[in-house]
*Asks:* 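Structure incoming, see below.
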Amino acid sequence: MFDERFYSHAEIEPKWQARWEEERARPAPGPGRVPGEGREKYYVLEMFSYPSGKLHMGHVRNYTIGDTMARHLRMRGKEVLYPVGFDALGLPAENAAIQAARARGEAVNPAEFTEACIADMSAGLKRMGYSYDWDRLTATCRPEYYRWNQWIFLRMLERGLAYRKSAAVNWCPDCNTVLANEQVHDGKCWRHTETGVELRQLAQWFFRITDYAEELLAELPRLTGWPEHVRIMQENWIGRSEGTLVNFPIEGSESAMPIFTTRPDTLYGVTFMSLAPEHPLARDLVEGTEYEKPVVDFINRVATQDRFMRTAEDQEKEGAFTGRYAINPLSRERAPIYVANFVLMEYGTGAIMAVPAHDQRDFEFARKHGVPIKAVIRPDEETAPISDEQRAKVVEWIETGCPADGEGMKGAFIEPGVQVNSGPFDGLPSTEGIVRIAEHVEKNGWGARTVEYKLRDWLVSRQRYWGTPIPVIYCEDCGAAPVPERDLPVVLPKDVDFSKDCNPLLTNPQWLAAPCPKCGRPGRRETDTMDTFVDSSWYFLRYLDPHNESAPFDKSLADAWMPVDQYIGGVEHACMHLLYARFFTKVLRDLGLVQIDEPFQRLFTQEMVCKEHTFKDGATRVVKMSKSLGNTVEPTETVDKYGADALRLFILFAAPADKQLDWSDEGPEGCSRFLNRLWRFAQSNAETLRQGIADLDGQTFDPGDNPADRDLDRKTHDTIRRVTADLGERFHFNTAIAAIMELFNALNTYALRSQDPVSRSCAASATRVLALLLAPMAPHICEEIWERLAPATGSVFGQPWPTHEPKRLILDEITVVVQINGKVRARLTVPASASEEEIQAAALENANVQAHIAGKAVRKTVYVQKKLLNIVAV
RNA sequence: GCCGAAGUGGCGGAAUGGCAGACGCAGAGGACUCAAAAUCCUCCGGGGUAACACCCGUGUGGGUUCGAAUCCCACCUUCGGCACCA
């Protein structure tokens with residue numbers, strides 16, 4: 001046995017981990033269970049992680065928050081579902097296989113490699129004492145899981161929600177695969193921040209997320225349990241714009257040029273038109289004319305430019321004239337048609353009307369190419385939020401006929417104002433002009449009001465091995481045929497060659513060859529696999545029914561457990577995983593598999609773990625812990641040294657959970673000191689405390705008239721109040737721990753000393769509460785203390801969460817602050833029953849108060865009940 | 001450029017209209033010890049004082065209020081997201 005005076009985490013933590021594994025720390029019915037009768041269900045979910053084999057501090061932070069919530073909620077009587085799993089498909093395992101194959105000629109199978117990592121990670125999680133429902137463990141790389149990816153894909157294919165098309169797509173040369181728009185950050189691959197993505201024209205599979213754009217946007221305001229900034233990020237990403245589609249006839253042609261504009265109020269100001277270089281009309285319009293060569297040259301030049309550079313806002317506006325003209329249907333004016341680098345093919349119609357007077361890009365282009373500028377909105381005092389000086393300048397510019405040199409005009413006038421040069425609409429406020437001119441366009445059949453989104457369909461094809469095979473077979477006669485449901489799963493072949501410079505699936509001819517499901521003749525399997533974000537879009541549903549072999553999950557279980565009550569993870573997924581999972585939930589709802597509209601009731605985004613790092617240039621900054629910088633701290637080392645409880649405590653204590661956490665090597669030591677003090681206190685007073693608990697006999701302690709008991713008891717109840725609010729409502733774990741430390745300091749300082757008057761029942765009551773409050777955060781030590789304090793009552797996690805009694809918070813004496821003109825001049829200790837008049841009288845007797853109001857007249861006093869008296873004296 | 005978050009002691013942070021700096025880290029002094037570690041006690045924003053008093057102080061400047069770290073306006077800095085989206 002170990003020395004009882006010192007807390008030995010190395011002995012106590014494994015002891016409890018083993019016992020939890022046996023007992024599951026709570027009654028855990030089988031995986032298919034539904035919430036218990038009379039108990040409210042609560043689904044706590046953490047964003048699952050990629051099994052790299054090692055836990056890092058980011059995981060520890062994420063999961064410590066989740067485990068604390070789960071343990072706390074169980075003690076509050078909730079039926080908590082707290083599953084765990086791994087996002088196990090993806091590049092790192094495949095890259096490890098490729099490296100092994102190329103460097104050593106070794107065949108490493110990503111499946112075995114990944115399963116070994118999962119085992120290591122699971123051991124690491126258990127060492128942290130997390131109370132997962134281990135029997136629900138789900139790994140997306142197992143065919144039992146990904147067959148349902150395939151099944152859902154087929155359902156989506158039936159409904160036209162999955163489709164294949166040829167498109168200009170983002171290609172990451174480092175990943176050797178295409179990426180979704182959401183996975184391109186700043187023109188770089190989200191995994192390879194040094195690697196610019198390239199544009200390639202390829203036939204790829206897409207999910208029609210744009211069909212759900214409106215709903216994904218409309219539901220956002222109802223997600224009140226989500227952080228505001230995440231909702232705003234999604235709103236911006238979806239990027240809804242209301243506008244008008246207008247057809248501009250092309251002179252000398254049957255066809256028209258449709259454009260999208262949010263500013264129909266500026267339609268009379270159109271002086272030219274622009275097409276995206278990729279627009280098919282661009283080549284058609286110049287074919288066989290003298291303009292063909294310069295325009296095609298321009299298109300080719302733009303095509304070879306780096307796409308991200310080309311679409312940067314500060315990029316020079318360039319273009320080429322096609323020699324053709326469009327007719328403005330409203331003004332009947334001719335507008336020259338250009339091809340311009342700043343027009344994007346992917347947005348709107350790939351063509352724009354250009355109003356240089358009121359659009360900055362058009363303005364710059366017009367200046368450069370000598371196109372006229374025609375103003376149709378005049379600034380006016382009420383509507384244009386600009387200074388008088390600016391307004392005067394714009395008005396002067398308009399009145400002098402918008403000279404191209406602008407006479408100091410650096411830009412277009414983009415604010416609202418009053419319509420001018422706009423035919424019958426002159427004099428209208430432009431905000432009204434938007435509506436009236438759009439109506440005018442619709443009435444005349446020139447176009448229609450419409451809505452555009454920035455959101456694009458989700459590109460799910462990946463040209464990689466370690467993903468879910470897309471269940472499609474190509475046939476020369478039948479085209480792309482879905483694999484019949486009875487043939488699922490399409491299992492990844494193990495026999496592939498990772499040393500070749502292509503998708504490894506192409507190296508297994510037996511696997512590739514498959515009969516066409518429609519005609520039976522020889523066909524060829526699709527070798528694209530699915531984006532791993534498909535896996536993470538519904539894993540929280542599989543957790544509910546992880547061993548189901550006939551369906552992705554049972555609907556009754558989804559109805560019982562969904563939505564996830566509390567989701568916890570990193571904010572970096574705001575416009576990737578969190579958007580895709582919302583989309584999938586709506587698709588599954590429309591397939592009749594779930595009832596809910598939204599998967600995640602509440603979302604908590606924890607911030608990064610950072611550490612100081614000295615860069616090559618000598619600069620020292622606090623930055624995210626990362627392997628590449630080498631400023632990581634291994635959780636296992638900290639656990640070895642101080643124990644899991646100390647690490648858990650520090651990571652919760654060091655910063656609010658939704659703020660960046662700066663790692664400090666001394667931090668866990670400080671927390672370990674606190675736990676040791678607590679341990680020593682409980683050990684050296686073990687017998688007294690045990691008797692005190694026995695005296696209480698399960699009843700709440702009543703302090704009677706003993707002032708010291710009343711004091712400590714009040715502190716105890718106040719701590720219950722604070723910790724309960726911090727854990728349950730605010731998620732301020734740092735202040736919860738601070739409150740517990742305060743209670744302990746009071747207990748440790750005053751209780752159980754020979755000269756001390758605190759009774760043993762009172763001390764026992766405080767200790768009991770302390771162990772209960774601390775248990776969700778530091779479960780091992782609290783279990784051990786509890787077992788020694790109250791061995792007859794079972795696990796600390798079997799106890800109900802303590803409740804505070806408001807009447808125990810009432811003070812006999814209160815301290816009232818006396819201010820004079822808002823500055824604190826005295827503190828009065830008065831009976832809690834003292835009236836305002838009594839307090840005021842006492843204040844005026846105070847020497848310092850008298851000194852400060854001497855020679856002044858008391859104008860008035862402000863009294864805040866039992867807190868403060870402010871005397872206003874002049 | 002647009003959107004969002006943040007700015008408080010040597011450090012992490014607390015206080016969301018009412019005592020600025022809870023709790024912890026680091027530091028200083030002391031006790032115990034042959035000594036060290038561990039532990040315990042005291043101090044710990046700046047100026048000022050023998051000690052009080054008092055003055056200054058929550059990025060900067062204004063405002064609202066009896067009273068502002070907290071609310072409003074303008075600005076500065078840092079971080080995050082978006083970025084030629086018509």
*Asks:* For A:F272 and A:F365, take the angle between the two ring planes, folded into 0 to 90°, and tell me which bin it lands in: parallel under 30, tilted 30 to 60, perpendicular over 60.
*Replies:* parallel
*Asks:* Rounded to whole angstrom, note down the C1' distance from B:C11 over to B:G27.
*Replies:* 11 Å
*Asks:* Would A:F653 and A:F733 count as a ring pair (Phe, Tyr, Trp, His ring centres under 6.0 Å) here? Give the steps.
*Replies:* CA-CA 6 Å; A:F653 181 58; A:F733 307 102; over 10 Å; no
*Asks:* Please state the P separation for the pair B:G7 and B:C25 - nearest whole angstrom.
*Replies:* 24 Å
*Asks:* Which part of the nucleic acid, if any, lies within contact of A:V343, taking any heavy atom under 4.0 Å across all strands shown: a base, the sugar-phosphate backbone alone, or nothing?
*Replies:* base
*Asks:* Is the CD atom of A:Q850 crowded by more than 12 outside heavy atoms at less than 6.0 Å?
*Replies:*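 Count over threshold, so yes.
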*Asks:* Does A:K866 place a side-chain N or O at less than 4.0 Å from the phosphate oxygens OP1/OP2 of B:C19?
*Replies:*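 Result: no.
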*Asks:* Assign A:I232 to base, sugar-phosphate, or nothing according to its heavy-atom contacts below 4.0 angstrom with the strands shown.
*Replies:*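 Sugar-phosphate: the residue A:I232, judged by heavy atoms under 4.0 Å, touches backbone atoms but no base.
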*Asks:* Mind calculating the distance between OH (A:Y347) and C1' (B:C84) to the nearest angstrom?
*Replies:*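 After rounding, the reported distance stands at 12 Å.
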*Asks:* Between B:G13, B:C66, B:A86, which nucleotide gets closest to the side-chain atoms of A:V872?
*Replies:* B:C66
*Asks:* Counting the atoms with a prime plus P, OP1 and OP2 as sugar-phosphate, which does A:G239 contact under 4.0 Å by heavy atoms, base, sugar-phosphate, or nothing?
*Replies:*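 Result for A:G239 = nothing.
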*Asks:* Measure from CH2 on A:W663 to P on B:G13 and round the result to the nearest Å.
*Replies:*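 It is 15 Å, rounded to the nearest whole Å.
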*Asks:* Is A:R677 close enough to B:C23 that one of its side-chain N or O atoms is under 4.0 Å from OP1 or OP2 there?
*Replies:* no
*Asks:* What parts of residues 844-856 of chain A reach RNA chain B, counting only heavy atoms under 4.0 Å away?
*Replies:* A:N848, A:H852
*Asks:* For A:H369 and A:Y338, take the angle between the two ring planes, folded into 0 to 90°, and tell me which bin it lands in: parallel under 30, tilted 30 to 60, perpendicular over 60.
*Replies:*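 Taking A:Y338 first and then A:H369, their aromatic rings stand perpendicular (interplane angle over 60°).
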*Asks:* Near A:R730 CZ, under 6.0 Å, is it more than 12 heavy atoms from other residues, nucleotides or ligands?
*Replies:*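 Enclosed.
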*Asks:* Considering only B:C85, B:A15, B:G12, which nucleotide approaches the side chain of A:T735 most closely?
*Replies:* B:A15
*Asks:* Using a strict 4.0 Å threshold on nitrogen-to-oxygen distance, state whether A:E364 and A:K317 make a salt bridge.
*Replies:*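 Here A:E364 pairs with A:K317 in a salt bridge, since their nearest N and O are under 4.0 Å apart.
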*Asks:* With rounding to whole Å, what would you report as the distance between B:G46 and B:U65 at their C1' atoms?
*Replies:* 28 Å
*Asks:* Counting the atoms with a prime plus P, OP1 and OP2 as sugar-phosphate, which does A:Q819 contact under 4.0 Å by heavy atoms, base, sugar-phosphate, or nothing?
*Replies:*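 The answer is base, as A:Q819 lies within the cut-off (heavy atoms under 4.0 Å) of a base atom.
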*Asks:* Which label fits B:G63, syn or anti, where anti is any glycosidic angle not within 90° of 0?
*Replies:* anti
*Asks:* Report yes or no: is there a donor-acceptor pair, N or O only, under 3.5 Å between the side chain of A:N870 and the base of B:C66?
*Replies:*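 Between B:C66 and A:N870, which were checked side chain against base, a qualifying N/O pair under 3.5 Å is present.
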*Asks:* Just the rounded figure in Å: distance from P of B:C23 to CG of A:N745.
*Replies:* 7 Å
*Asks:* Could you tell me whether A:V824 contacts a base, only the sugar-phosphate backbone, or nothing, with contacts defined as non-hydrogen atoms closer than 4.0 Å?
*Replies:*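 Since only primed, P, OP1 and OP2 atoms lie under 4.0 Å of A:V824, the category is sugar-phosphate.
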*Asks:* Are the aromatic ring centres of A:W226 and A:F604 under 6.0 angstrom apart?
*Replies:*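 Centroid separation for A:W226 and A:F604: 6.0 Å or greater.
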*Asks:* What is the minimum heavy-atom distance between A:L661 and A:A655, and which atoms define it?
*Replies:* CA-CB, 4.1 Å
*Asks:* By nearest nucleotide on RNA chain B, pick out whichever of A:F342 and A:D662 is the more 5' one.
*Replies:* A:D662
*Asks:* In terms of side-chain geometry, is the basic nitrogen of A:E235 or A:R240 positioned less than 4.0 Å from the acidic oxygen of its partner?
*Replies:* no
*Asks:* Please report, rounded to the nearest Å, how far the C1' atom of B:A83 is from the CD atom of A:E346.
*Replies:*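 After rounding, the gap between these two atoms is 14 Å.
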*Asks:* Of the nucleotides B:G18, B:A22, B:A15, which has the atom closest to the A:R730 side chain?
*Replies:*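 For the A:R730 side chain, the nearest candidate turns out to be B:A15.
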*Asks:* I'd like the P distance from B:G59 over to B:U8, given in whole Å.
*Replies:*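 6 Å, rounded to whole Å.
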*Asks:* Does the side chain of A:R240 get closer than 4.0 angstrom to OP1 or OP2 of B:C85 through an N or O atom?
*Replies:* no
*Asks:* Okay, side chain of A:N848, backbone of A:R825: is any donor-acceptor separation there less than 3.5 Å?
*Replies:* yes
*Asks:* Look at the side chain of A:T261 and decide which nucleotide, out of B:C56, B:U39, B:A86, has an atom nearest to it.
*Replies:* B:A86
*Asks:* If you find the nucleotide of RNA chain B closest to A:E316 and the one closest to A:T815, which residue's nucleotide is nearer the 5' end?
*Replies:* A:T815
*Asks:* State whether A:E607 and A:R61 are salt-bridged, where the test is any N-O pair (Lys NZ or Arg NE/NH1/NH2 against Asp/Glu carboxylate O) under 4.0 Å.
*Replies:*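 Salt bridge: no.
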*Asks:* Does a nitrogen or oxygen in the side chain of A:N734 sit under 4.0 Å from OP1 or OP2 of B:G12?
*Replies:*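 No, because none of the side-chain N or O atoms of A:N734 sits under 4.0 Å from OP1 or OP2 of B:G12.
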*Asks:* What are the two closest non-hydrogen atoms of A:I65 and A:A657, and how far apart are they?
*Replies:* CD1-CB, 3.6 Å
*Asks:* Please state how far atom CG in A:D359 lies from atom P in B:G1, giving the value in whole angstrom units.
*Replies:* 18 Å
*Asks:* Output the rounded distance in Å from CD (A:E607) to P (B:G4).
*Replies:*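 Spelled out: CD on A:E607 to P on B:G4 is 18 Å.
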*Asks:* Using the C1' atom in both, what is the distance from B:A69 to B:U16, to the nearest Å?
*Replies:*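 Nearest-Å result for B:A69 against B:U16 at atom C1': 9 Å.
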*Asks:* If you measure from the C1' atom in B:A15 to the same atom in B:C23, how many Å do you get, rounded?
*Replies:* 12 Å
*Asks:* For RNA chain B, list all stems, counting runs of three or more consecutive pairs where every pair is Watson-Crick or G-U wobble with both distances under 3.5 Å.
*Replies:*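 Counting only runs of 3 or more consecutive pairs, the stems involving RNA chain B are B:1-7 with B:76-82, B:10-12 with B:23-25, B:27-31 with B:39-43, B:45-47 with B:54-56, B:59-63 with B:71-75.
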*Asks:* Given B:A26, B:A86, B:G12, identify the nucleotide with an atom nearest to the side chain of A:S241.
*Replies:*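 Of the options given, the side chain of A:S241 lies nearest B:A86.
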*Asks:* Tell me if the side-chain of A:K317 makes a donor-acceptor pair with the base of B:C84, cut-off 3.5 Å, by modelled atom types.
*Replies:* yes
*Asks:* Could you work out the separation of B:C2 and B:C66 based on their P atoms and round it to a whole Å?
*Replies:*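 B:C2 and B:C66 have their P atoms separated by 36 Å.
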*Asks:* Can you tell me how far P of B:A86 sits from CG of A:D362, to the nearest Å?
*Replies:*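 Atom CG in A:D362 sits about 12 Å away from atom P in B:A86.
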*Asks:* Can A:K715 and A:D718 be counted as an ion pair, charged N to O under 4.0 angstrom?
*Replies:* no
*Asks:* Roughly how many Å apart are B:G45 and B:C41, using the C1' atom of each and rounding to a whole number?
*Replies:* 23 Å
*Asks:* Regarding A:E364, tell me which of base, sugar-phosphate or nothing describes its non-hydrogen contacts under 4.0 Å with the strands shown.
*Replies:* nothing
*Asks:* In whole angstroms, how far is the C1' atom of B:C85 from the CZ atom of A:R263?
*Replies:* 15 Å
*Asks:* Out of B:C54, B:A26, B:G13, which has the shortest distance to the side chain of A:R825?
*Replies:*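 My answer, after comparing the listed nucleotides, is B:C54.
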